[in-house]
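Along the sequence shown, residues carry numbers from 1.
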Amino acid sequence: MTVATNAVQNEKLRILLVSAPWPLFNRPSLPVGALKAYLGEQIPHLEVVASHLFLDVAQALGYARYQAISSRVWRAESVFSALLYPRQASRAESLYRGTLKRNDDAPRDFADIVRTVKTASAQWLGKIDWHALDLVGFSISFCQTTASLYLISRIKSIRPDLPVVVGGSSFSGQAASSLLPVFPQIDYVVVGEGEKPMAGLVNHLQAVRKGRSPSLPPGILHAGNPHAPLPPFNQLDRMDRLPVPDYDDYFNRLGQLPPGERFFATLPIEASRGCWWNQKESGGHFNGCAFCNLNLQWRGYRTKSPTQLAREVDLLVQRYQVLSLAFADNALPPKKAEAMMDVLGNLGHELSIFAELRAKTPPATLHKMRMTGVDAVQVGIEALSSRLLKKMNKGTRAIDNLNMMKQCEGRGIINLSNLIVHFPSSDEKDVGETLSVLDFVIWYRPLKIVRFWLGLDSPIHRFARQFNVRAVFNHPNLRKLFPAAVADGMRFMIQGYRGDRQRQRRLWRPVEIKVRQWVKAYAQLQQQTGGGPAILSREGGQFLIIDQHWPDRPTDKHRLTGVSAGIYRHCQVPHSLDQIVEAFPSHGRETIERFLQSLVAKRLMFAENDHYLSLAVPVSWRS
C-alpha cells in the first residue's frame, strides 16, 4: 500500500486507518471499513486509506499458522510483546509456550514467528510515506493491543510529530483512561463509538492547521490531559446515518497476493449495535449477561432497518463478488430478524451467512434464516443448568438451549456455541444438573468448552461479591507482556481475580470429561448417518417412526401411534404438562404424565420442571 506524497500545504487531510493483527484474516475489518466510509462521506477534501495489516501478516506466516496463533488471546499478544519490549522477550515466549497443549496445532518456534512478523511489519512500514499523513488511527479489539502499540512506537520513531489516535472495544470505559499515562506515544483516545468523535477530531485538526484553537470534540481524550475524567460518549442516535462500509483496500490487497494465496473472503455486516438484553442498570442490580463486557463502546441499543440492511448487503455482494456474510452483532435483532431475512431472501443471492442468536429465537424465524442462507450460528447457550443460567442472568432455561440445539441440528445449521465452565459461584447442583442434561444431547453438535475468564467492567467484575469473587486486579499475564509500570497502570480487557477457582476446577472436571466423550460419540454418530441427524422422526400420518442412533449399540426404532404420536409432535417445542393435557383432553393427566416419563426414560424426550421437549428431529425440517 502506498500513500500519495503531495505537499503537506495542500488543504486535503490524509488519514491512515489501521487494523493490526490478529483478527480473522479472511474478513476485512468492519470498524475500519465503517469508519472510512463515514469519514469520507462527512468531510470534504479528506483522503482516507485503510490498512488491514493483519492480512499481510497472515500471508507472511501462512494462513494456518496465523489462525492457530490468533485463536488464543495471550498467545497472540505475546508475539508483538517480544518486539515491543525485546529486553523481556523471554517472558513473552514463556507466556506463548504456556498456551500450547499436547495436541495443539500452533507453531512451536516462537523466535521464527517473531522474526517473520517483524519482517512483515517492517515491509509495511517501509511502503508508507509517513510525512504525507496528517493522522493515523488504530482500531484495537481483542488480540490487537501489543501489535498496535508496537506499530505506533515504530511510527513515532519515524515521525514523532504525527498524531496517533486509538479506539475500539479494548479501550472503552476504564481501559480508555488508563492508556495515555502509560503509553505517551498515543495522542488521542476515542471513548466509545468512533464515527462522530473521529469526524470531530479531523475537523479539530483542520481548524488547528488554519491557526485556530478549538476545543476537542466530545468523546476524545487527549495526551495533553491524560488524567482527565472520561468524556461522555458521542455516538450516532440512529444507525441509518451510516454509509455502506468501504472494504476496497482489503480486497485490493487480497487481489495483489500470489494466485495460490488468494481466497474467497467473508464480508462482515452489522444490523445492530449494543445489546437489547443489556438495558440500563438501576438500584444496584445489573442487567444483561453476568460475564459479558462486549458493549463497553456503546450506550443503548440501535438497529438498522431491514431495507437499509438489504441495500447494504446487495451493494457489498455486487461490489466484491462475495456471497459469504458474517453478522458482527451480539445477537440479531429479535423484533426485526424475520423482516431482515425476508428482504435478504428477496435479493436473489444464494448467501452463506453466520450469525449470533439468542436461544429463544422462534423456530419459524430460524427456519426463515435457514432458507435465506444462515448455515452457521453461535447461540448464547453458555450453560445446560437452569440454576446456573439464572446466576448468569441469561433469561433462558436448559430446555430452551436443548430446543435450540435440536432446531439447528434438524435444519442443517452448524451450531458453534459454547459451554462455560468454572463459572464463579457455581456449585454441586449446577454441575449435577449439567451432567444430567448431557445424557440427552449426544445427538446434537457438541458445545465448545470455554473456561470462564473475568472481563473488565462486566457485571461480575463490578458486582464481584455476588459471585464469590473476593478481589479483582490486573491479570498476572500482563507482567509477561509489559514492564511492571505499564502492566500495573493499564486496564486490560481480561482481569485476574481471587475466589473459589481451585474448587471450580475440581467441580467441573467431570463435565469436561463428559463433553470430550460427547465429541467422540457425535463423530461416531455422524459416520453412521452420513452427516444427518442421529435421532430422527419420520411421519406416517397416523403414526411416527423414530430412529434413535447410538455410538456403542445398534439403532433403536420406535413407533408411536394415535394420541402418542400427536403428543410427540406437539412437543417439538417445549410445552408444560398443563398445556399438553389441555391439548389432548381425551386422556387423563396421570396417563399423559406416565407416557411422557416413559419417553424421558428412553431419552426420546427431555423434561424440566413439568415441561417437555421431544428430542427427535422431523425429516420434514430438512426439506
Without swapping roles, check the side chain of [X] against the backbone of [Y] for a donor-acceptor pair under 3.5 Å.
{"X": "Arg91", "Y": "Arg479", "result": "yes"}
{"X": "Trp130", "Y": "Leu125", "result": "yes"}
{"X": "Glu356", "Y": "Ala328", "result": "no"}
{"X": "Asn474", "Y": "Met490", "result": "yes"}
{"X": "Asp187", "Y": "Ala223", "result": "no"}
{"X": "Lys156", "Y": "Pro160", "result": "yes"}
{"X": "Arg498", "Y": "Ala471", "result": "no"}
{"X": "Trp277", "Y": "Gly395", "result": "no"}
{"X": "Ser81", "Y": "Leu481", "result": "yes"}

Flag side-chain contact, heavy atom, 4.5 Å: [X] against [Y]:
{"X": "His475", "Y": "Gln495", "value": "no"}
{"X": "Phe138", "Y": "Ile155", "value": "yes"}
{"X": "Val164", "Y": "Phe183", "value": "no"}
{"X": "Pro245", "Y": "Glu312", "value": "yes"}
{"X": "Pro28", "Y": "Pro268", "value": "yes"}
{"X": "Leu456", "Y": "Ile494", "value": "no"}
{"X": "Val190", "Y": "Val165", "value": "yes"}
{"X": "Arg159", "Y": "His131", "value": "yes"}

Angle class for the [X]/[Y] ring planes (parallel below 30°, perpendicular above 60°, tilted otherwise)?
{"X": "Phe54", "Y": "His52", "result": "perpendicular"}
{"X": "Tyr188", "Y": "His222", "result": "parallel"}
{"X": "Trp453", "Y": "Phe142", "result": "tilted"}

With a 6.0 Å cut-off (strictly less than), is the heavy-atom count around [atom1] of [X], excluding the residue itself, greater than 12?
{"X": "Gln67", "atom1": "CD", "result": "no"}
{"X": "Lys448", "atom1": "NZ", "result": "no"}
{"X": "Phe473", "atom1": "CZ", "result": "yes"}
{"X": "Arg358", "atom1": "CZ", "result": "yes"}

How long is the span from the [atom1] atom in [X] to the [atom2] atom in [Y], to the nearest 0.5 Å?
{"X": "Phe492", "Y": "Leu478", "atom1": "CZ", "atom2": "CG", "result": "6.0 Å"}
{"X": "Leu316", "Y": "Gln321", "atom1": "CG", "atom2": "CD", "result": "13.0 Å"}
{"X": "Arg241", "Y": "Lys196", "atom1": "CZ", "atom2": "NZ", "result": "7.5 Å"}
{"X": "Ser148", "Y": "Ile186", "atom1": "OG", "atom2": "CD1", "result": "8.5 Å"}
{"X": "Leu46", "Y": "Asn203", "atom1": "CG", "atom2": "CG", "result": "9.0 Å"}
{"X": "Ile43", "Y": "Lys12", "atom1": "CD1", "atom2": "NZ", "result": "13.5 Å"}

Report yes or no: do [X] and [Y] form a side-chain donor-acceptor pair below 3.5 Å?
{"X": "Thr99", "Y": "Arg75", "value": "yes"}
{"X": "Ser19", "Y": "Gln144", "value": "yes"}
{"X": "Arg154", "Y": "Ser157", "value": "yes"}
{"X": "Ser417", "Y": "Gln378", "value": "no"}
{"X": "Ser169", "Y": "Ser141", "value": "yes"}
{"X": "Tyr320", "Y": "Asp248", "value": "yes"}

Trace of the side-chain hydrogen bond (donor to acceptor under 3.5 Å, both in side chains) decision for Thr146 with Glu77: CA-CA 6 Å; Thr146 56; Glu77 294 286 10; 2.7 Å; yes

Note: [X]-[Y] ion pair, threshold 4.0 Å (strictly below):
{"X": "Arg302", "Y": "Glu193", "result": "yes"}
{"X": "Glu270", "Y": "Arg273", "result": "yes"}
{"X": "Arg253", "Y": "Asp56", "result": "yes"}
{"X": "Asp249", "Y": "Lys36", "result": "yes"}

Side chain to side chain contact (heavy atoms under 4.5 Å, CB included) between Val182 and Phe482, worked out: CA-CA 10 Å; Val182 298; Phe482 302 98; over 6 Å; no

Considering all heavy atoms of both residues, which atom of [X] and which atom of [Y] are nearest to each other, and what is their separation?
{"X": "Pro459", "Y": "Cys292", "result": "CD-O, 3.5 Å"}
{"X": "Leu221", "Y": "Leu230", "result": "CD1-CD2, 3.9 Å"}
{"X": "Ala290", "Y": "Ser458", "result": "O-CB, 3.9 Å"}
{"X": "Leu162", "Y": "Leu135", "result": "CD1-N, 3.8 Å"}
{"X": "Leu347", "Y": "Ala310", "result": "CD1-O, 3.8 Å"}
{"X": "Phe171", "Y": "Arg491", "result": "CE2-O, 4.5 Å"}

Ring centroid separation for Phe354 and Phe327, is it under 6.0 angstrom?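 No - the distance between ring centres of Phe354 and Phe327 does not fall below the 6.0 Å cut-off.
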
Can the ring centroids of Trp74 and Trp22 be said to lie less than 6.0 angstrom from one another?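 Not close enough - the centres of the two rings lie 6.0 Å or further apart.
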
Could you check Phe291 against Phe452 for ring-ring contact (aromatic ring centres under 6.0 Å, His included), going step by step and ending with a plain yes or no? CA-CA 8 Å; Phe291 51 81; Phe452 172 82; 7.7 Å; no

Any residue meeting side-chain hydrogen bond (donor to acceptor under 3.5 Å, both in side chains) with Arg465, in chain and number order, not counting sequence neighbours: none

Mind listing the side-chain donor-acceptor pairs of residues 113-123 below 3.5 Å, one per line with the distance, residues two or more places apart or on another chain?
residue : atom : partner : partner atom : Å
Thr116  : OG1  : Asp112  : O            : 2.9
Thr119  : OG1  : Arg115  : O            : 3.0
Ser121  : OG   : Val117  : O            : 2.8

Side chain to side chain contact (heavy atoms under 4.5 Å, CB included) between Glu382 and Asn418, intermediate numbers included: CA-CA 5 Å; Glu382 328 303 1; Asn418 298 325; 4.1 Å; yes

Could you please spell out the steps behind the side chain to side chain contact (heavy atoms under 4.5 Å, CB included) verdict for Leu254 and Phe251? CA-CA 5 Å; Leu254 182 60; Phe251 282 94; 4.3 Å; yes

Only one of Asn330, Thr303, Asp329 clears side-chain hydrogen bond (donor to acceptor under 3.5 Å, both in side chains) with Ser272; which? Asp329

